[in-house]
Amino acid sequence: MNGETGEPARAPHAAACPFCSLLCDDLIVEQAGGRVRVLKNGCGRAISGFENPDGPNQPRLKGKPATIEQCIERAAAILRGARFPLFAGLGTDVGGMRAVLSLAERTGGALDHMHGNALQRNIGVLQGTGWMTTTLTELKNRADLIIFAGTDAVSAHPRFFERLVWNQASLFQLDSNARQIIYLGAGLNTKPGRSPEGRKPLHVRFDPPHLVEIVSALRALAAGYRLQAASIAGVRIPVLNSIVEKMKAARYGVLAWSSAELDYPHAELAVEACVELVKDLNDTTRFSGLPLGGNDGAITAISVCAWQTSFPLRTAFAAGYPAHDAHRYSTGHLVASRSADAVVWISAFRAAPPPAAKPLVVLGAPNTHCPEEPDVFIPVAIPGLDHAAQLVRLDSVVSLYLERQRTSPLPSVAHLLTEIQNAL
Ligand code: SF4
């Protein structure tokens, strides 16, 4: 029995991890004395997430301790007085996101995720041209060539290679040791790309903002054009030609990018170039794209929004029905222009700082540092650790149920938002 919470200890058992969008479901954890311990298969981020003790659980009104009921009443009063509230951050689970949508519809508010800029780089291309993408399962079981364009995958998803690239078992007897790995870009951690037998990946270095030129050159070469240049962004043409040969020889190639890491002006052009290269290669072989990223519940948030409104995030209910506008309804624009006259910031997985906005309601991880004390701060439970949760995986095709792993006094985002809506 747990002496602090009265909760019975739990013997080692399987658990899924909520701390990045890979949602690894092979962790072994145990719970004793109210603390969770990761015994097997957790990366550093998972261990720190699961094993961190609960933070301070005191709700606050303008920095002063308050009851949760007082905080709910104050948050409801702020929303009652707002003409156009913004629900931002959106680091929550399916239940929390459903509650966000309900409250946004009731109050005529707008929705955007803390990774809204990165999401929009992909969404704009998907809306404009369409894309051909694959799933993690297909990658794991079929890919014989994986190209990482401007990303190393492991900075955002630490176990990417362990789980999906150098896996020993595969459905179709694929020899994962024989996979070819290519990195495009600089500043990447390429060590995980070395095969278990010691084969080094090919790493083509150039300044990250030149990715669009490199991928466009690969497209031109793959289409049979000759380039009137000795090099592109410092990469010699024969090197690019050798990559084209590998892509054409692949039986199932995958081109992965992370729009969060393509953080420079007009980076959506690089995403578009990747997407179009994949389409071109399918004239002669099988090739797919794989957009990485989507941590902090971003894939869950955008999925739930699409299920319920048919639109991605950056959707608002101001007109009484959902309307999407990628620029007007971005957090940056709504806060800077003060078009939003109240902000509700949600970040349940980690302490992500809210924007400087007034009035501000924060439903955040207990240790959230706010540059200025918000009008309302309520510490919330972590989905998949402090309460059972459903989350959507990186590839958007699988949603996982994550069990509660410990008892926490903190409320879930779904519970709080429902209470706030009831108090309107
Ligand atoms: S890679 Fe991501 S999902 Fe997997 S254990 Fe690490 S943090 Fe958790």
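Read the numbers this way: they start at 1 and go in the same order the structure lists the ligands and their atoms. Just so it is clear, the values below take in all heavy atoms, side chains as well, and ignore hydrogens, waters and symmetry mates.
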Numbering as shown, the atoms of ligand 1 that approach P158 to under 4.0 Å (heavy-atom distance):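 By the 4.0 Å cutoff, the relevant atoms are 1 (S).
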Atoms in ligand 1 with a heavy atom of L23 nearer than 4.0 Å: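 So the answer, numbered in order with elements, is 3 (S).
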Are [X] and [Y] close enough for a salt bridge, meaning some N to O gap below 4.0 Å?
| X | Y | result |
| --- | --- | --- |
| D263 | R121 | yes |
| D375 | K358 | no |
| R163 | D26 | yes |

Any side-chain donor near an acceptor of the partner, N295 and S21, under 3.5 Å: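 Side-chain D/A pair, N295 to S21: present.
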[atom]: nearest protein contact (heavy atom, Å):
| atom | answer |
| --- | --- |
| atom 6 (Fe) of ligand 1 | C43 SG, 2.3 Å |
| atom 4 (Fe) of ligand 1 | C24 SG, 2.3 Å |
| atom 8 (Fe) of ligand 1 | C17 SG, 2.3 Å |
| atom 2 (Fe) of ligand 1 | C20 SG, 2.3 Å |
| atom 1 (S) of ligand 1 | R159 N, 3.4 Å |

Axial cation check for F377 ring with R60, 6.0 Å and 45° limits: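 Yes, cation above the ring, under 6.0 Å and within 45°.
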